[in-house]
Engineer: 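Shown below is the structure under consideration.
Heads up: numbering here begins at 1 and tracks the sequence. Remember, it's a predicted structure, so these values are computed and weren't measured experimentally.
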Amino acid sequence: MKLSKIYDPREMNSYQFVAATGLVMTVVANLILLFLAKSVDNFNALYICWAVFFTLGTVANFNSKPDDHDHHHHH
């Protein structure tokens, strides 16, 4: 199990990358809301969604093998 697949953007798959980007955007949006002293109902649910999305992406990443496509030669 390569843990670098969790924190290294070069090792991430597209799901993880989108989730990580979404998480950063959510944090930034949250900081802006705090700065403006506004709150949005169920805003924290976004964190849960991104976390689940990232977790599923990580599972898919660990289960995928880079040389997978080499083994499926249909003649």
Side-chain angles (χ1 to χ4, degrees):
M1 207 161 108
K2 283 180 67 185
L3 288 178
S4 59
K5 286 188 174 186
I6 295 172
Y7 60 81
D8 186 349
R10 288 167 304 180
E11 300 267 346
M12 286 182 187
N13 61 18
S14 55
Y15 298 106
Q16 289 172 292
F17 197 77
V18 168
T21 304
L23 198 56
V24 170
M25 295 298 186
T26 304
V27 169
V28 170
N30 207 340
L31 291 172
I32 292 169
L33 287 170
L34 286 172
F35 185 72
L36 297 175
K38 293 188 190 303
S39 69
V40 176
D41 290 337
N42 300 328
F43 191 85
N44 289 336
L46 280 171
Y47 289 110
I48 297 166
C49 293
W50 290 127
V52 169
F53 201 57
F54 188 85
T55 303
L56 292 174
T58 303
V59 170
N61 200 345
F62 280 133
N63 288 339
S64 70
K65 293 168 186 62
D67 59 344
D68 228 12
H69 56 271
D70 293 334
H71 299 295
H72 302 291
H73 291 296
H74 298 290
H75 297 294

Engineer: Determine the minimum heavy-atom distance between Tyr47 and Asn30, stating which atoms define it.
Structural biologist: OH-ND2, 2.7 Å

Engineer: Which pair of non-hydrogen atoms, one from Gly22 and one from Trp50, has the smallest distance, and what is that distance?
Structural biologist: O-NE1, 3.3 Å

Engineer: Would you kindly confirm whether Phe62 and Tyr7 end up in one hydrophobic cluster when ILVMFWY residues are joined by side chain heavy atoms under 4.5 Å apart?
Structural biologist: yes

Engineer: Quick one: closest heavy-atom pair of Gly57 and Asn13, and the distance?
Structural biologist: O-ND2, 2.9 Å

Engineer: Do you reckon Val28 sits in the same ILVMFWY cluster as Phe35, going by side-chain contacts under 4.5 Å, direct or chained?
Structural biologist: yes

Engineer: Would you say CG of Asp8 has more than 12 non-hydrogen atoms from neighbouring residues, nucleotides or ligands within 6.0 angstrom?
Structural biologist: yes

Engineer: What are the two closest heavy atoms between Pro9 and Phe17, and how far apart are they?
Structural biologist: CB-CE1, 4.3 Å

Engineer: Which heavy atom of Val18 sits nearest a heavy atom of Phe53, and at what distance?
Structural biologist: CG1-CE2, 3.8 Å

Engineer: For the atom pair CG (Leu23) and CG (Leu46), what is the distance rounded to the nearest 0.5 Å?
Structural biologist: 9.5 Å

Engineer: For the CG atom of Leu56 and the CD atom of Gln16, what is their distance to the nearest 0.5 Å?
Structural biologist: 10.5 Å

Engineer: Heavy atoms only: give me the nearest Lys5-Glu11 pair and the separation to one decimal.
Structural biologist: CA-CB, 3.7 Å

Engineer: Working note: Met12 + Phe54, criterion side chain to side chain contact (heavy atoms under 4.5 Å, CB included); need CA distance, chi angles, decisive distance, verdict.
Structural biologist: CA-CA 10 Å; Met12 286 182 187; Phe54 188 85; 4.1 Å; yes

Engineer: Would a distance-only check, ignoring hydrogens and angles, find a side-chain to backbone donor-acceptor pair under 3.5 Å from Asn61 to Ile6?
Structural biologist: no

